Protein chains: 2
Amino acid sequence: MGAMLDTEGKETSATHGAYRRLREMILTGVLPPGQKLKIEQLRGLLDTGASPVREALSLLTSDMLVERIDQRGFRAAPVSKCNFEEILLLRCNLEETALHASITNADAAWEDRLVLRHHHMKKASQNGARDFENAHKAFHMALLDNSKMPLLLRYCSQLYDLNIRYRYLAAGGSSYKKRDIAAEHQQILDAALNHDADSATRHLIDHYRRTGEYLSSQMEP
Amino acid sequence: MGAMLDTEGKETSATHGAYRRLREMILTGVLPPGQKLKIEQLRGLLDTGASPVREALSLLTSDMLVERIDQRGFRAAPVSKCNFEEILLLRCNLEETALHASITNADAAWEDRLVLRHHHMKKASQNGARDFENAHKAFHMALLDNSKMPLLLRYCSQLYDLNIRYRYLAAGGSSYKKRDIAAEHQQILDAALNHDADSATRHLIDHYRRTGEYLSSQMEP
DNA sequence: ATGTCAAATAATATCGATATTTTTGGAGTC
DNA sequence: GACTCCAAAAATATCGATATTATTTGACAT
């Protein structure tokens with residue numbers, strides 16, 4: 001048995017589907033930090049077998065969203081102010097490198113992609129938080145991806161996700177209300193299109209630091 | 001059955017054992033870059049079941065030593081000059097940050113650890129290449145680990161391993177013969193013990209770049 | 001000869017079941 | 001009354017088998 005029952009046909013494999021769903025649940029705080037992740041429980045929740053669940057948890061381990069404990073199974077990675085500050089610091093460091101390199105390699109195709117992503121992000125801000133999150137990440141990654149450095153991009157993507165998790169935990173998904181985020185994005189975009197690497201990185205890092213300070217202030221010690 | 005047959009009692013779990021052995025085989029080039037990694041073949045080679053093998057391969061995927069292809073299984077990650085240069089660049093960037101932070105947090109206990117690791121490394125250089133490699137990594141990680149930044153250390157460790165792989169591929173494990181590596185290590189150690197962050201990072205990065213240039217020259221385009 | 005399609009083969013992905021280990025709970029002792 | 005030790009329960013890790021998907025082979029038509 002075990003036939004293909006999904007009518008949607010979206011998930012390529014059970015493992016990948018489990019990975020994506022678990023990942024989203026951890027990022028958005030549905031599975032809270034430190035929570036024990038029992039195979040049987042998740043098997044029921046995701047309606048799949050134990051093997052895909054185990055493999056998905058293994059993959060999430062390397063994204064640092066799940067921790068493996070000895071022979072005692074898995075749990076959602078804990079959070080701490082200290083961890084958050086490390087993420088912020090590394091992000092600033094790595095994204096500065098990546099954005100510099102991206103601008104060094106700047107060409108028309110990249111600029112087009114950038115403008116497009118920015119436009120999509122603005123459009124998505126009318127829709128739900130889910131849509132905006134995706135578009136927001138796509139814009140930020142587009143800023144970096146012209147660096148043509150796959151390892152660096154991977155790290156930036158990982159750190160982005162770790163960071164977004166704190167945003168969900170602190171503010172239920174959108175701490176965007178107070179500041180004029182749109183203006184900050186516009187400044188970064190403009191500087192990038194002008195090939196002004198220093199200005200672009202400065203705006204980008206300010207953008208992160210400001211969000212970081214806000215989130216930090218929301219957290220206990 | 002599946003009883004505990006290992007007389008050594010070293011491996012905690014079949015998965016972890018498979019992970020370590022596969023990892024070593026990929027790092028040292030026993031499993032060459034790009035090679036298809038068939039479950040059945042590895043199952044026989046490691047004398048274990050399919051589940052531990054799969055899970056080990058999943059973990060290696062996140063170390064970027066193994067690539068997963070669609071629904072077509074796994075293969076050892078390919079290599080390229082471009083990839084090598086990215087590793088070198090990121091290593092310089094991240095280890096500079098880590099070493100600076102380590103020295104900022106410097107205390108007597110750290111200095112003791114450092115001296116000890118350096119001593120062990122010197123002693124191990126008389127033994128086989130395997131022993132030296134382990135001691136060498138331990139020394140380099142000890143330089144960084146006082147930064148108290150777990151994510152950063154993890155990335156540094158990953159990149160160290162990716163780099164060592166190129167050394168094995170280029171020179172069969174030891175490209176140490178030409179230069180006076182011992183002197184370079186001594187310089188780094190002395191600067192670190194003097195809390196001279198700038199000098200230490202400069203020596204460290206020179207150390208990497210020199211090795212990098214040598215390896216780069218050994219590679220095709 | 002060459003390209004195409006279908007059956008056969010091989011490999012992967014997944015399931016269900018078992019063995020191992022950890023945790024829990026309670027009886028007996030100091 | 002608190003602590004240790006042993007049995008019961010739960011959870012994990014692993015195995016063997018099956019279903020699914022990719023790859024190869026070979027026959028057929030062009």
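Just so we're on the same page: letters track the sequence lines, and every chain starts at 1. What you see is a predicted model, and the numbers here were worked out from it, not measured in a lab.
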> For A/Thr15 and C/dT14, is the shortest distance between a side-chain N/O and OP1 or OP2 below 4.0 Å?
Replying inline: yes
> Sub-3.5 Å donor-acceptor pair from the side chain of A/Gln71 to the main-chain atoms of B/Thr12, do we have one?
Replying inline: yes
> Does the side chain of B/Lys36 get closer than 4.0 angstrom to OP1 or OP2 of C/dA10 through an N or O atom?
Replying inline: no
> Within 45° of the axis and under 6.0 Å from the centre of the six-membered ring of A/Phe139, does NZ or CZ of A/Arg117 qualify?
Replying inline: no
> What's the CZ-P distance between B/Arg54 and C/dT12, to the nearest Å?
Replying inline: 8 Å
> Between D/dA11 atom P and A/Arg75 atom CZ, what is the distance in whole Å?
Replying inline: 17 Å
> So does A/Arg72 get a side-chain nitrogen or oxygen closer than 4.0 Å to the phosphate oxygens (OP1/OP2) of D/dA11?
Replying inline: no
>> Rounded to whole Å, how long is the line connecting atom CZ of B/Arg43 with atom P of C/dA13?
In response: 16 Å
> For the pair made of CG in B/Asp70 and P in D/dT23, what is the distance, rounded to whole Å?
Replying inline: 9 Å
> Which pair of heavy atoms, one from B/Ser80 and one from B/Asn83, lies closest together, and at what distance?
Replying inline: OG-N, 2.9 Å
>> At 4.0 Å (heavy atoms only), tell me whether B/Leu37 reaches a base, stays on the sugar-phosphate, or touches nothing.
In response: sugar-phosphate
>> Taking only side-chain N and O atoms of A/Thr48, does any of them lie within less than 4.0 angstrom of OP1 or OP2 on C/dT14?
In response: no
